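Heads up: the structure comes next, in structure tokens.
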Amino acid sequence: MEWKSKAVAGLTGLTLALGVMTPAVAQSAARPTAVRPAAVAPDISLANIKGHLNQLQTIAQQNGGNRSASGGYAASVSYVEQKLQAAGYTVTRQTCTSCAGRTQNLIAEWPKGDANQVLMLGAHLDSVSAGPGINDNGSGSASILEVALTLARTDPAMAKRVRFAWWADEESGMRGSRFYVSSLSSADRTKIKTYLNFDMIGSKNWGYFVYDDVASVKAVFDEYFTSIGIQTEGDSEGDGRSDHASFKSAGIPVGGLATGAGDVKTTAQQRKWGGTAGAAFDNCYHRSCDTVSNIPDAPLERNSDAIGYAVWKLATT
Ligand code: DPN
Ligand code: ZN
């Protein structure tokens, strides 16, 4: 929500310039929607993201309690696909022949902007067989779905192509994303300028971790978090453990967000972010209790808005 911080900056400037103006008057004068810049990201709806998470949980319940290849993975793909198609996306299913159960990756590209410069976003849509995988990784899946739907609805002027992926079979070794990357021609690989990964972005005892593989990409997310007064840390827990590794190995610049898995929050991190020191970021990681009750609003809201910020900043004009 960069718009808010701009409005606040505008308010400060106006108040300084006019001195005697009351804050209420200054505020209404400082918020003419007509001057809102086109490239500023809209709010990514938390309510809609929670709606997607509820659907993913229902899918798990109807398929043996999980969204793995032998459980609700295929139904999860159908859910995301149908939402994208209803928004006007052409969606591609890629059968991953090296994945457990030969499950499918789902790919959708917003068909505007320079086709030779692709910003790609991905999240794994499978869960472990122990549970429904709502934080891991319904959170990333639902958030990039809502960003995709928001992009289609608002239809901003695009500089780059934005391509979204929901990966099969991350949980047994990032096989879906690896299959995708290895299926690209070297020309198509070169077109992907940045890959952004979102895996576990709503942990109950959250931290704000930004992948630090590429400083210029990390800086975009940090710009957003700084604007809402949140301090971040580089991510180390997730290094090499999610789908960005498939892209990084191919020489593609990567970035992403995470709120922590089984690692334990330190006292210094508790001071920074609140929550419970000495406890895991997500004590339901890879367990049956990773349900919609395992996701608080705050990290989901802020991280999904951070994703929106990065997409608008990196890909719109
Ligand atoms: N999300 C974890 C998984 O899929 O098992 C891996 C991971 C852990 C990713 C910590 C990021 C941070
Ligand atoms: Zn995961």
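Just so you know, ligand 1 is whichever comes first in the structure, and atom 1 is the first atom listed for that ligand. Quantities reported herein were computed from a predicted structural model and do not represent experimental measurements.
Between the side chains of N135 and S203, at least one donor-acceptor pair of N or O atoms lies under 3.5 Å. With no hydrogens or angles considered, no side-chain donor-acceptor pair links N294 and T291 at under 3.5 Å. Of the N and O atoms on the side chains of S127 and N66, not one donor lies less than 3.5 Å from an acceptor on the other residue.
Counting heavy atoms from C-beta on, the side chains of P253 and D213 never come closer than 4.5 Å.
Less than 4.0 angstrom separates some heavy atom of M200 from each of these atoms of ligand 1: 1 (N), 2 (C). Ligand 1 places these atoms under 4.0 Å from at least one heavy atom of E170: 3 (C), 4 (O). Interface atoms of ligand 1 facing A261, defined by a heavy-atom separation under 4.0 Å, are 8 (C), 10 (C).
Taking each of D282, T259, D136 in turn, the one with a heavy atom nearest to atom 3 (C) of ligand 1 proves to be D136.
Within the 3.5 Å criterion, the main-chain N or O of H286 finds no donor-acceptor partner in the side chain of D290. K265 contributes no side-chain N or O that, together with a main-chain N or O of A280, makes up a donor-acceptor pair within less than 3.5 Å.
When hydrogens are left out, the protein atom nearest atom 2 (C) of ligand 1 is Y285 OH, 3.4 Å; that is the closest non-hydrogen contact. Of all protein heavy atoms, the one lying nearest to atom 6 (C) of ligand 1 is R241 O, 3.6 Å. At the shortest separation from atom 11 (C) of ligand 1 among protein heavy atoms lies G238 CA, 3.5 Å. Residue, atom and distance of the protein heavy atom nearest to atom 9 (C) of ligand 1 are D199 OD2, 3.7 Å.
Rounding to 10 degrees gives 90° for the angle at the Zn ion (ligand 2) between NE2 of H124 and OD1 of D136.
The Zn ion (ligand 2) lies under 2.8 Å from an N, O or S atom belonging to D199.
Between F247 and W167, the two ring planes are tilted [angle within 30° to 60°].
At least one N or O atom of E171, backbone or side chain, sits closer than 3.5 Å to an N or O atom of ligand 1.
With respect to R93 and E81, a salt bridge is recorded, a charged nitrogen being found less than 4.0 Å from a carboxylate O.
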